Amino acid sequence: MPEIVLDRVSRIYGKDVRAVSDLTLEIPDGSFTTLLGPSGCGKTTSLRMIAGLDMPTTGTIRIGDKLVFSRDQGRSLPPAKRGLGLVFQSYALWPHLTVAKNITFGLEVQHIGKTEAARRLEQVATALQIDELLDRYTSELSGGQQQRVAIARVLVMEPSVLLLDEPLSNLDATLRMDMRAELKRLHHDTGATIVYVTHDQLEALTMSTHIALMQGGELQQFAPPLDVYSRPANKFAADFLGNPRINLLEGSIKNGRVRCVGLELALPSGIAKPDNSAVTLGLRAEEIRLHTQPKAGTESARVTAVLPTGSDWYYHVDMNGQTLTVRQNDAPQLQLGSTVHVEAVPDPVKLFSADGLAIALPQNHSEGV
Amino acid sequence: MRNAYNRFRLGLTPQSVLAFVFLIILGYLVIVPLFLMLRETFLIHPLERFQIPGSSVGDLTFAHWERNFLSENAYAFFYRPLLNTLRIALGMSFLALAIGGTLAWLVVRTDLPMKGLISNAAIIPYIMPSWTLALAWITMFKNTRIGGDQGIFTALTGVVTPDWFAYGLFPITICLALHYFPFGFMLIGGALRNIDAQLEESAELLGASRPTILRRIVIPLVLPAIFSTFLLTFSRGLGTFGTPAFLGGPVREFVLSTSLYANLIGQRPGIGYLAAVAMIALGVLVLYMDYKIIGTRRSFVTISGKGARAGLVALGRWRWPIAGLVLGFIFAVIAIPLTALAIDTVMLRPGIYSWDNFTWHYWVGDASLTVGLGTGEPGILRNWQLMSALGNTMKLAVVVALITGILGILVGYAIVRLRGRWVAQALDQMSFFPYLMPSIALGAIFLAMFAVPRGPIPSLHGSFWLLVIVCTVSYLPYAVKAGVSAIRQVGPELEEAAIMVGASWWTRMRRVLIPIQKSTYFSGMLLPFISVTRELSLLILLVTPATQLATTITLRYTDRGWYPYTNGMVLLLVIIVVTSTVVSRRVMGTSIAKGLGG
């Protein structure tokens, strides 16, 4: 199963609309890599360039040991020769063909014999539990069934790379949960390299082995999900991942301590930042504790919203004019309007300098992910 | 250098190759003729050298322009036909819009009974040849001014119709309006149908009354559709030929198209080409207005997938009377003219409507020098000239429908897939251009263009293929429109999914794109088929005795006053056109409205 290497790939529409800008990415062999980002970040364009449906303006793309695109060499391997399959966001099932015909169309086009085609059809249909539906037209299927047919149509070609473009966005919430598990199983069973496009950070966190976080056509961070979550490379990465959103507190460094909106904590050892330099502290909702009594290093705040979710309690507290979101999994019975004392317990400490980039922590602070 | 070549090679997709090929072909068939025609207005033609002293054939001259616009004859040559054209086009557009809009509102927005029947019947006047009504009008209301016979009306009532009622601008306007009102019915009906019901419901919740909703919400929303229908009808009115030829000829009342024809086949081709230039200029002006005034508002009509139909206006006890009135009107527009034509074909001596004058002579009679009008002409069904003309028409209609249908798909494909690039835009506009050209002017251009060999292209004058080319160019706008909307509806992913498994371009077209939108493509072909069958103005200048068509030959019979033959042929054409429309709707699910892009 091959790795996919994008080398300084850019896609420019018209004169100066940069959909993807100087993207360099090595998608590891056999990984489940998610291209994650808000809409318009260039993730789908990147996927289409890997698939061969779109051509980079500059740069090269390799899949395994095959050079599939290089403009300078005038080389663009047709999609079907790249050994990959693409599941479209809209599924793109052909409405005039039955499920079976949809699945075997590619085999026919590739002149694969009838018996072999029938064998493969049966195999994928059984694996994806759509063997009952083969004679139906696609308009007679539910969303989840259409999804399976779309995947079956791709799997039947036995691709070594599977590209998925927001495949779950048209499904309802429960079905989406089931399909996530199923896609993960598929990855495990086939061992294929999967490139998955989504704007849903939860999907990215739960399914992938690697996340490539993009914004404005540029790669922001490429790392395993939990690394992106706990060691975001910049403020955008910190802000985009995690639900509820991370609390970003503006502050500065004074005498080796970080002071932000009244909170104070020790600067992790190994970080050398001059006094008075501006920093932003990122605190996830679970990295804040609320106390009814003041302690050392706490700052008082007022509860402005209490939002129980069943398993957790979310609070909005107003601390010196800034609203913080806090998650507690015990029930301290805080009343709306009551005064609480905020303690910051970041792990690890996420600090960003004025240009928005993370201030790197020395290695011994990592959690060993 | 090598880099540039590589870049070029990567850009070589099926759609870009198609686009460039069509750009070249269309450039030759659409843009070049325009310049040729302009040039003709500055040239001395063979017959003109006697009118302009000291000139010889092929000289450059401003004489035509001067005579046409400035001389003492300019009024007769140009300004009067121009005024007549504008009067007719304006009058008939208003009338057609009023009739069509009212019908559309009644069918879409009220609880009128028998809607299905009404909507089907209301389209028939449009698919009949436009001059059917003109011929019927003459048969009904002619007075003794032409040929000495009286019409059915005079025969029945004894009242002699005045000239202004029997011929000229008044009947031309009425006949055209009755022919073109289905435009308004289909396009405005489509717009009304597409209005999001919620827009009206929210007004209703705020306490607006039905009339207020109609006035403040519905009409403003369909205004762009109304306006573009008006312009569409108006531009058709500018170019129409048959009706003014039949009804204006007897009183020598010309419009631009008939004056163009008279001058071009007469002794003043230069003046004729100037009339064509003027007609195209008017067409461009109409398009410019369309673009300026409603270009930005076109997107008003919002299609909504959800929400029930807005409540229908209850007509109460007027339901049935109105339905009766509407059906009676449509029936009158269809049946009375056809009956009048039919009666005329079985009356041995014109103008005498009694049983002992009844005959099948004009249908199946032998050639005879003593019986009937057409000295030496056998009856229609045994007349090889007429039957071969009908055969030519059918052959032409089928060939043109197939070619435009295929071109429509290919050009539409190139336009949709290259959207946002200049080629797509150029192709889109160029394929739309023939729409602006009044068809008789287009015929005149092709006459100028293909009369002599040019480069590798031989002279096509008098050949069947010239007719095919001119019809294809003329109906291309409709076919491309149908093609674009069909391809756009399919969406690129369905094709990309086939690319992903390695289907070639040809396989994708054959197995994915075309099957999915079958009925749209057939609708795109149906319109050219019908249009060719009844086409007169486009081809009148291009046919020769060898390529005579059913429509053009009727004009020659009319010139000789042999109306029973003309009327019989028109009846045959109406039967063919209506039958093929109905059959193709049953078999293929086609619809004329779809073909119009409405």
Side-chain angles (χ1 to χ4, degrees), chain A residues 13-14 17 44 47-48 50-58 69-97 101-112 138-139 149-150 153-154 156-159 161-163 165, chain B residues 1-17 305 409 413 416-426 486-522 588-589:
Chain A
Y13 290 104
V17 183
T44 294
L47 189 79
R48 289 172 58 85
I50 296 172
L53 294 172
D54 201 347
M55 283 185 211
T57 312
T58 57
F69 183 88
S70 159
R71 192 171 284 275
D72 292 339
Q73 294 184 30
R75 182 178 179 82
S76 177
L77 215 56
K81 299 245 163 81
R82 297 187 180 193
L84 39 76
L86 170 59
V87 177
F88 292 84
Q89 182 173 11
S90 63
Y91 312 145
L93 298 175
W94 297 300
H96 62 301
L97 300 178
K101 289 273 174 202
N102 259 286
I103 296 174
T104 54
F105 181 89
L107 299 175
E108 263 178 70
V109 169
Q110 299 291 346
H111 305 293
I112 284 168
T138 54
S139 57
V149 175
R153 184 174 67 179
V154 167
V156 83
M157 304 303 291
E158 298 176 350
V161 175
L162 202 54
L163 309 175
D165 186 6
Chain B
M1 188 59 214
R2 189 174 156 69
N3 253 340
Y5 168 74
N6 285 336
R7 273 155 198 272
F8 168 76
R9 214 179 52 177
L10 288 181
L12 221 55
T13 54
Q15 53 264 40
S16 59
V17 173
I409 299 173
Y413 177 81
V416 173
R417 289 288 180 266
L418 294 174
R419 217 166 120 199
R421 313 250 195 100
W422 68 268
V423 234
Q425 217 167 8
I487 301 278
R488 195 170 286 164
Q489 274 169 36
V490 174
E493 302 89 14
L494 288 182
E495 194 192 352
E496 284 168 358
I499 294 180
M500 290 304 300
V501 293
S504 66
W505 179 77
W506 173 236
T507 308
R508 267 141 43 205
M509 289 308 262
R510 194 168 48 90
R511 301 221 15 213
V512 176
L513 285 176
I514 295 177
I516 293 177
Q517 287 291 313
K518 244 186 316 199
S519 90
T520 311
Y521 294 126
F522 278 107
M588 306 288 187

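Computed from a prediction, not measured in an experiment: that's the story for all the values here. Below, read A as the first sequence line, B as the second, and so on, with proteins coming before strands; counting in each chain starts at 1.
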Side chain, backbone, both or neither: which part of [X] has an atom under 4.5 Å from a heavy atom of chain B?
{"X": "A/L86", "value": "both"}
{"X": "A/L84", "value": "both"}
{"X": "A/S76", "value": "both"}
{"X": "A/E108", "value": "side chain"}
{"X": "A/R82", "value": "neither"}

Quiz item: Hey, what do you get for CE (A/M157) to CE (B/M500), rounding to the nearest 0.5 Å?
Solution: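 Reported value, rounded in 0.5 Å steps: 10.0 Å.
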Quiz item: From B/E495 CD over to A/W94 CH2, what is the distance, rounded to the nearest 0.5 angstrom?
Solution: 10.5 Å
Self-check item: Residue pair A/A92 / B/A497: nearest heavy atoms and the distance that separates them
Solution: O-CB, 4.0 Å
Quiz item: Looking at A/V109 and B/G502, what are the two nearest heavy atoms and their distance?
Solution: CG1-O, 3.4 Å
Quiz item: So, do B/P515 and A/L97 sit near enough that their side-chain heavy atoms are less than 4.5 Å apart?
Solution: no
Quiz prompt | Under 3.5 Å: donor-acceptor pair, side chain of A/H96, backbone of B/I514 | solution = no
Quiz item: Any donor and acceptor pair, going by atom type alone, linking the side chain of A/Q110 with main-chain N or O of B/V501 inside 3.5 Å?
Solution: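 Checked: pair present.
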Quiz prompt | B/R511 versus chain A, the contacting section by heavy-atom distance below 4.5 Å | solution =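 Its backbone and side chain both get close to chain A.
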Quiz item: Just wondering, more than 12 heavy atoms not from B/R510 lying within 6.0 Å of its CZ?
Solution: yes
Exercise. Can you establish whether the number of heavy atoms outside B/R417 located under 6.0 Å from its atom CZ is more than 12?
Key: yes
